[in-house]
Student: 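Sharing a structure here in structure tokens format.
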Amino acid sequence: MPIPTGTVELVRDLDDPDGVTVLVNGVPSSYLDLVDPTRLVFEYMQQMAAVIDRVGPAGGPLDVVHLGAAGCALARALDAERPGSRQLAVELDTVLPELVRGWFDLPRSPALRIRAGDARAELSKLPDASADVVVRDVFAGDTTPDHVRTREMVAEVARVLRPGGVYLANCADRPPLAGAKAEGATLRAAFGDVAVIAEPGLLRGRGYGNVVLAATDDADLLGSPALARAVRSLPAPARLLHGDEVTAFVGNAVPYDDPPA
């Protein structure tokens, strides 16, 4: 189906009649279980959810901003697991949010508001210290746009987050993971603590995949042994880098900056 930014397509899971994948411009952007909203199939979303599980009181409501919406799979799962949460999903395409609302049983406003617009522009409109979690899952095809990767963008995220909040960024990359390393350096310039989560083979230089970058001012959140165990125990076990491991991962990478005016 045509949308202003390209095309969107729904593909049923041949192995599971309850599963649907949302393709945006031919790229898998969301997978939703029509019966179980808490089921997250994309591995990077499972990794993000493991971090979010440790934000705030267990099972308590959160204020969450999703930059990049697609099918709102993560927002739907959080609404089911954290009743009373208030979430905002920002999607560049002006038509896609309306289609998604019609296709899927999504939470209604104020539990989940969906706003059409540019991720960074909409983030800049949000009040200081108004979110517990900010998730960036913004892509143009299979690439993250440059303007949502820079120190200036991350400064906006830090402004919007409350003390103890966490920023989660999905970075799709291939070895030598130059983009993920530069993003790690960018986050370290703005936040007190940063972690890197990915499939072990990708970290060893094999294949193409998702690297989840997490950043917070909470000194206890990302270094928790319980979080590392949770990540290792996912259906597709992942590795969490923290502390000196992140320093080694980032190496001499240079943070991203906005181009000169």
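Treat the numbers as computed from the prediction; the structure is a model and nothing was measured. Nothing fancy with the numbering, it's 1 onward along the sequence.
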Student: Answer yes or no: is there a side-chain heavy-atom contact under 4.5 Å between V24 and T7?
Tutor: no
Student: Assigning hydrophobic clusters by single linkage (Ile, Leu, Val, Met, Phe, Trp, Tyr; side-chain heavy-atom cutoff under 4.5 Å), is V95 placed with L92?
Tutor: no
Student: Measuring from D63:CG to L161:CG, what's the distance to the nearest 0.5 Å?
Tutor: 11.0 Å
Student: Is any side-chain heavy atom of V135 less than 4.5 Å from a side-chain heavy atom of Y167?
Tutor: no
Student: With a 4.5 Å heavy-atom cut-off, do R151 and Y256 have their side chains touching?
Tutor: no
Student: Might you point out which heavy atoms bring A75 and Q87 nearest each other, and give the distance in Å?
Tutor: O-NE2, 2.9 Å
Student: With a 4.5 Å limit on heavy-atom distance, are the side chains of M48 and L74 in contact?
Tutor: yes
Student: Between Y208 and L202, does a side chain to side chain contact (heavy atoms under 4.5 Å, CB included) hold up when you go through it step by step?
Tutor: CA-CA 7 Å; Y208 171 87; L202 183 61; 5.7 Å; no
Student: Considering non-hydrogen atoms only, spot the tightest contact between A185 and A253 and give its length.
Tutor: CB-O, 3.6 Å
Student: Return yes if some donor-acceptor pair links the side-chain N/O of R76 with the main-chain N/O of D33 below 3.5 Å, else return no.
Tutor: yes
Student: Taking S130 for its side chain and P127 for its backbone only, find out whether a donor-acceptor pair lies under 3.5 Å.
Tutor: yes
Student: Donor-acceptor check, side chain of D132 to backbone of L62, threshold 3.5 angstrom: yes or no?
Tutor: no
Student: As an exercise, state the distance from OG1 of T186 to CD of E152, rounded to the nearest 0.5 Å.
Tutor: 9.5 Å
Student: Table please: side-chain donor-acceptor pairs of residues 103-121 below 3.5 Å, with sequence neighbours left out.
Tutor:
unit_1 : atom_1 : unit_2 : atom_2 : d
R115   : NH1    : E122   : OE1    : 3.4
D118   : OD1    : H147   : NE2    : 2.8
D118   : OD2    : R120   : N      : 3.1
D118   : OD2    : A121   : N      : 3.0
D118   : OD2    : H147   : NE2    : 3.4
R120   : NH1    : H147   : O      : 2.9
R120   : NH1    : T150   : OG1    : 3.4
R120   : NH1    : D258   : OD1    : 2.9
R120   : NH1    : D258   : OD2    : 3.4
R120   : NH2    : D258   : OD2    : 2.6

Student: Show every donor-acceptor pair shorter than 3.5 Å between a side-chain atom in residues 209-217 and any protein atom, with sequence neighbours excluded, or say none if there are none.
Tutor:
unit_1 : atom_1 : unit_2 : atom_2 : d
N210   : ND2    : N170   : OD1    : 2.9
T216   : OG1    : G165   : O      : 2.7
T216   : OG1    : D218   : N      : 3.0
D217   : OD1    : G164   : N      : 2.8

Student: Let me see the working for E98 and R101 under salt bridge (charged side-chain N to carboxylate O under 4.0 Å, His left out), right down to the final yes or no.
Tutor: CA-CA 5 Å; E98 298 176 14; R101 280 275 192 214; over 6 Å; no
Student: In Å and rounded to the nearest 0.5 Å, what is the CG to OG1 distance from D173 to T143?
Tutor: 9.5 Å
Student: Minimum heavy-atom separation for E91 and A70, please, with both atom names.
Tutor: OE1-N, 3.1 Å
Student: Which distance, rounded to the nearest 0.5 Å, do you find between the CG of L187 and the CG of L168?
Tutor: 10.0 Å
Student: I'd like to know if the side chain of Q46 and the backbone of L40 have a donor-acceptor N/O pair within less than 3.5 Å.
Tutor: yes
Student: So if you build clusters from Ile, Leu, Val, Met, Phe, Trp, Tyr with side-chain heavy-atom gaps below 4.5 Å, do F139 and V90 land together?
Tutor: no
Student: Considering only Ile, Leu, Val, Met, Phe, Trp and Tyr, and joining two whenever side-chain heavy atoms are under 4.5 Å apart, list the other residues clustered with V11.
Tutor: L23
Student: Treat each ILVMFWY residue as a node, draw an edge where side-chain heavy atoms are under 4.5 Å apart, and state whether L78 and V231 are in one component.
Tutor: yes
Student: Show your working on salt bridge (charged side-chain N to carboxylate O under 4.0 Å, His left out) between E245 and R239 and close with a plain yes or no.
Tutor: CA-CA 11 Å; E245 292 177 314; R239 184 178 172 199; 3.1 Å; yes
Student: Do L123 and V157 touch side chain to side chain, with heavy atoms closer than 4.5 Å?
Tutor: yes
Student: If you compare all heavy atoms of L234 against all heavy atoms of Q47, which two are closest, and at what distance to 0.1 Å?
Tutor: CD1-CG, 3.7 Å
Student: Scan N25, D93, T94 and name whichever one has a side chain to side chain donor-acceptor pair (under 3.5 Å) with T5.
Tutor: D93
Student: If Ile, Leu, Val, Met, Phe, Trp and Tyr residues are connected whenever their side-chain heavy atoms lie under 4.5 Å apart, and connections chain through other members, are Y31 and I52 in the same group?
Tutor: yes
Student: Under 4.5 Å between any side-chain heavy atoms of L126 and L88, yes or no?
Tutor: yes
Student: I3 versus L99: any side-chain heavy-atom pair under 4.5 Å?
Tutor: yes
Student: If you compare all heavy atoms of E183 against all heavy atoms of C171, which two are closest, and at what distance to 0.1 Å?
Tutor: OE2-SG, 3.7 Å
Student: If only atom types and distance count, is the side chain of K181 paired as donor or acceptor with the main-chain N or O of V254 below 3.5 Å?
Tutor: no
Student: Looking at P145, is its backbone amide N or carbonyl O close enough to the side chain of R149 to form a donor-acceptor pair, meaning the two atoms are under 3.5 Å apart?
Tutor: no
Student: My understanding is that only residues two or more places apart in sequence, or in another chain, count here; which of them pass side chain to side chain contact (heavy atoms under 4.5 Å, CB included) with V246?
Tutor: R188, V194, V196, L241, V250
Student: Taking it one step at a time, do T21 and L10 satisfy side chain to side chain contact (heavy atoms under 4.5 Å, CB included)?
Tutor: CA-CA 6 Å; T21 299; L10 299 184; over 6 Å; no
Student: Going by the rule side chain to side chain contact (heavy atoms under 4.5 Å, CB included), which residues pair with V27 if we only count those two or more places apart in sequence or in a different chain?
Tutor: none
Student: Could you check if a side-chain atom of L222 sits within less than 4.5 angstrom of a side-chain atom of V51, using non-hydrogen atoms only?
Tutor: yes
Student: To check you understand the geometry: which heavy-atom pair defines the closest contact between S29 and Y44, and what is its length?
Tutor: O-OH, 4.4 Å
Student: When you group the ILVMFWY residues by side-chain heavy-atom contacts below 4.5 Å and let the links chain together, are I197 and V134 in the same group?
Tutor: no
Student: I would like to know whether V133 and V65 meet side chain to side chain contact (heavy atoms under 4.5 Å, CB included); could you show each step before the answer?
Tutor: CA-CA 6 Å; V133 180; V65 177; over 6 Å; no
Student: Hey, is the main chain of G71 close enough, under 3.5 Å, to the side chain of S30 for a donor-acceptor pair?
Tutor: yes
Student: So, are D16 and R39 salt-bridged, with charged N and O less than 4.0 Å apart?
Tutor: yes
Student: Apply side chain to side chain contact (heavy atoms under 4.5 Å, CB included) to residues L177 and F249 and explain how you reach the verdict.
Tutor: CA-CA 9 Å; L177 303 180; F249 174 80; 3.9 Å; yes
Student: Could you give the distance from CD (E43) to CD (E199), rounded to the nearest 0.5 Å?
Tutor: 7.5 Å
Student: D244: what forms a side chain to side chain donor-acceptor pair (under 3.5 Å) with it, not counting sequence neighbours?
Tutor: none
